[in-house]
2 protein chains.
Amino acid sequence: MPRIRHKRLDCSPGCAVEATLELIDGKWKGVILFHLLQGTLRFNALRKLLPNATQRMLTMQLRELEEDGFIHREIYPQVPPKVEYSLTEHGRTLEPVILALKRWGDAHTSFGASGRQAEASAKHEAEAGTH
Amino acid sequence: MPRIRHKRLDCSPGCAVEATLELIDGKWKGVILFHLLQGTLRFNALRKLLPNATQRMLTMQLRELEEDGFIHREIYPQVPPKVEYSLTEHGRTLEPVILALKRWGDAHTSFGASGRQAEASAKHEAEAGTH
DNA sequence: CTGTATCCTTATAGATACTG
DNA sequence: CAGTATCTATAAGGATACAG
């Protein structure tokens with residue numbers, strides 16, 4: 001088994017928290033999911049949204065998300081190739097989780113609405129319903 | 001050991017998601033926070049709640065949470081020693097996040113609270129630890 | 001009881017080059 | 001365009017022993 005991403009978890013109550021965390025853990029999964037929440041994206045589009053992620057990392061994270069059933073990978077047999085990533089229904093169930101993370105980050109970290117990126121984030125805020 | 005736990009993040013919108021994720025990332029932080037949400041706990045009590053975490057790991061995770069201002073460490077100068085961990089106000093702001101994670105885990109993984117198991121996502125659990 | 005100190009293994013991540 | 005393939009570096013996590 002090439003991928004043993006799911007570590008052993010003891011199952012005291014609260015284990016569900018860790019189980020969820022494991023699934024969206026990984027350096028870029030959170031951001032990827034967040035962006036896909038707003039619509040289908042091509043590989044290169046994601047690369048632009050995550051300039052610090054290497055191709056390799058992006059691919060790996062996408063594959064893991066795909067394995068976990070969160071995203072769908074649509075391959076168009078064309079030249080040049082075109083691959084689109086979108087959330088599955090299962091992936092959409094993560095929406096409240098992602099939004100909770102986003103809201104907290106906005107409110108309590110420097111990555112929130114206090115900086116230059118505030119404008120770009122604002123539109124997501126609107127549909128999220130700030131509360 | 002300089003704490004370089006916070007990796008560089010690019011700041012496309014959605015970075016806030018990752019920023020939050022980084023803070024509660026770590027193998028046991030989620031569970032620790034969840035348990036502390038319900039009240040103050042001593043070191044040994046936490047050990048019992050996280051039987052698979054080693055002392056070392058538990059200590060490390062607690063120290064990181066303390067550094068990030070999420071938990072308070074109250075040391076009673078006694079013999080034998082007694083140390084109590086509790087959430088700070090800042091830590092309590094994470095409550096909606098933790099609860100979102102918990103709820104999702106309950107609904108979509110087999111780690112849900114005792115008595116109710118998710119039906120559809122039992123596929124991942126083959127590897128997740130029979131005990 | 002509540003930790004530290006070592007030592008070791010595995011996971012994660014990055015750089016770079018190459019390909020259908 | 002959308003990936004693989006190597007290779008390497010570092011970080012995370014674990015086992016075990018020891019200590020105030």
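Quick note on labels: first sequence line is chain A, next is B, and so on, each numbered from 1.
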Linking I/L/V/M/F/W/Y whenever any side-chain heavy atoms sit under 4.5 Å apart, do B:Ile75 and B:Leu41 land together? yes
From the candidates D:dC1, D:dG14, D:dG3, the one with an atom nearest any side-chain atom of B:Met57 is D:dG14
Looking at five pairs on each end of the helix from C:dC1-D:dG20 to C:dG20-D:dC1, what is the angle between the two axes, given to 10 degrees? 50°
Nucleotide C:dA15, atom C1' - distance to CE of A:Met60 in whole Å: 14 Å
Just the rounded figure in Å: distance from P of C:dT2 to CD of B:Gln78. 10 Å
Could you state the CG-P distance from A:Asp25 to C:dA11, rounded to the nearest angstrom? 14 Å
Answer yes or no: does a side-chain N or O of B:Trp28 lie under 4.0 Å from OP1 or OP2 of D:dG14? yes
May I have the distance from A:Gln55 (atom CD) to C:dT16 (atom P), rounded to whole angstrom? 13 Å
Over 60° means perpendicular and under 30° means parallel, so classify the ring planes of A:His90 and A:Phe70, tilted if in between. parallel
Look at B:Arg56 and C:dG3 and indicate whether a side-chain polar atom (N or O) is within less than 4.0 Å of OP1 or OP2. no
Does a side-chain N or O of B:Arg42 approach OP1 or OP2 of C:dC1 to a distance below 4.0 Å, or not? no
Mind calculating the distance between CD (B:Glu64) and C1' (C:dG3) to the nearest angstrom? 16 Å
Quick one: is A:Tyr85 getting a side-chain N or O under 4.0 Å of the D:dG3 phosphate, OP1 or OP2? yes
Please report, rounded to the nearest Å, how far the P atom of D:dT4 is from the CZ atom of A:Arg47. 13 Å
From CG of A:Leu58 across to C1' of C:dT12 the rounded distance in Å is 16 Å
Roughly, in whole Å, what's the span from CG in A:Leu62 to C1' in D:dT4? 15 Å
A:Glu66 side-chain N/O to A:Ile71 backbone N/O, donor-acceptor pair under 3.5 Å: no
Check: B:Glu84 side chain, B:Arg42 main-chain N or O, donor-acceptor pair, under 3.5 Å: no
I want to know whether B:His72 and B:Tyr85 have ring centres closer than 6.0 Å. no
Mapping A:Pro81 and A:Thr54 onto DNA chain C by nearest heavy atom, which one lands closer to the 5' end? A:Thr54
A:Thr20 (side chain) donor-acceptor with B:Gly105 (main chain) under 3.5 angstrom: yes
Within the distance-only criterion (no hydrogens, no angle test), does the side chain of B:Ser86 pair as donor or acceptor with the backbone N or O of B:Thr40 below 3.5 angstrom? no
